[in-house]
J.: 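Mind having a look at this structure? Questions to follow.
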Amino acid sequence: MAKLIDGRVIAEKVYVDLRREIAELKEKDVTPGLAVVLVGDDPASRAYVRSKDKMCRELGLHSLKLELPASTTQTELLNRVEELNADSAIHGILVQSPPPAHIDETAIVRALDPRKDVDGFHPENVARLVLDDPCGFVPCTPLGVQRLLIESKININGAHVVVLGRSMIVGKPLALLLMQKNEKANATVTVVHSRSRDLADITRSADIIIAAIGRAGFVKADHVREGAIVVDVGINRVEDAASQRGYRLAGDVAFDEVSKKASAITPVPGGVGPMTIAMLMSNTVKAARQALGKAT
Ligand code: GUN
């Protein structure tokens, strides 16, 4: 039976470090500030935005929650981003994805001041990740996965990591992060996706499997080598008449069968999810620290 990797416990360790850093910044009269912008009323997005705002408050960060109607135009949204770019009390800006269909998300991301882009989606930050430049911002979920592995004492150096999924938010940046030339990475990374041939043959050669394809229960025991580490990034809503909400959350991994074969595994919920928000807080503190460094 696999050892359970508890993301909530590891996130708490991250917060211990962060609280110390935040106290140091406050001694210099800086309160890190995060603006979270939500356009429209998608229920899942609303829930994410609420939990980000709550965590800011718990840590004593300045939190600005902008909830804009679904009818907000591209120009209106760009104007709000410009205001936030110019606001010296705000160090990090996050525009919750996905926005309504009439919004050009790429243009919004490019309008962000890259120094405030705590999501790490701006092309300048993508470039910094490719270039191994530690001043850039790395997307929160990949950072959270890396931290989860490190804190769990799982060896990434030289390991074969197979990432399932090639999204801009998780798969692609995660592959870049884990292949970087440094002690927190140095992995041999393979990325597989919906069009990959012989996918199970590839995942079976992995020391570490990271599932981020957005399909509930996709990774089965047959995909996994005995003793492999399995990290589940998936958060899928599946219908469940027995649940009060009418749905339950399911990962990309068929947990019951895979946990009998893996040596360690993350649960959903309570695995990668809490780490993602911890890394958002960490990126916001980093943005405030870097802004202070530039100001002095
Ligand atoms: N929607 C789902 N995940 C994310 C994320 O990491 N950042 C933003 N902005 N939106 C998301």
J.: On the ring face of Tyr247, is Arg245 found with NZ or CZ under 6.0 Å from the centre and within 45° of the axis?
T.: yes
J.: Quick check against the 3.5 Å criterion: does Asp207 have a side-chain atom that pairs as donor or acceptor with the backbone of His160?
T.: yes
J.: What are the two closest heavy atoms between Gly227 and Ser263, and how far apart are they?
T.: O-OG, 2.8 Å
J.: With distance as the sole test, does Lys65 use its side chain to make a donor-acceptor pair with the main-chain N or O of Leu38 at under 3.5 Å?
T.: no
J.: Got a second to check how far Leu84's CG is from His91's NE2, nearest 0.5 Å?
T.: 12.5 Å
J.: Using only atom types and a distance under 3.5 Å, with no angle test, would you say the side chain of Arg19 pairs donor to acceptor with the backbone of Leu59?
T.: no
J.: For the pair Thr203 (side chain) and His223 (backbone), establish whether a donor and an acceptor sit closer than 3.5 Å, ignoring hydrogens and angles.
T.: yes
J.: Are the side chain of Lys116 and the backbone N or O of Asn85 linked by a donor-acceptor pair below 3.5 Å?
T.: yes
J.: Of Val189, Leu149, Ile229, which meets side chain to side chain contact (heavy atoms under 4.5 Å, CB included) against Ile156?
T.: Leu149
J.: Of the non-hydrogen atoms in Met1 and Ser259, which two are nearest, and what is the gap between them?
T.: CE-OG, 3.5 Å
J.: Rounded to the nearest 0.5 Å, what's the gap from CD1 on Ile169 to CZ on Phe121? Could you check?
T.: 4.0 Å
J.: Check Asp113 with Arg115, please: is the shortest side-chain N to carboxylate O separation under 4.0 Å?
T.: yes
J.: Under a 4.0 Å threshold between the charged nitrogen and the carboxylate oxygen, would Arg57 count as salt-bridged to Asp53?
T.: yes
J.: Look at Arg204 together with Asp222 and state whether they make a salt bridge at an N to O cut-off of under 4.0 Å.
T.: yes
J.: Are there more than 12 heavy atoms of other residues, nucleotides or ligands under 6.0 Å from atom CZ of Arg289?
T.: yes
J.: Taking the six-membered ring for Trp, are His122 and Phe137 ring centroids under 6.0 Å apart?
T.: no
J.: What is the minimum heavy-atom distance between Ser97 and Glu105, and which atoms define it?
T.: OG-OE2, 2.7 Å
J.: So does Arg128 pair up with Glu124, basic N to acidic O under 4.0 Å?
T.: yes
J.: If I compare all heavy atoms of Ala254 with all of Lys220, which pair ends up nearest, and what's the gap?
T.: CB-CD, 4.0 Å
J.: Any chance you could lay out the salt bridge (Lys or Arg N to Asp or Glu O under 4.0 Å) test for Lys54 and Glu58, step after step, and finish with the verdict?
T.: CA-CA 6 Å; Lys54 182 163 166 261; Glu58 276 181 37; 3.7 Å; yes
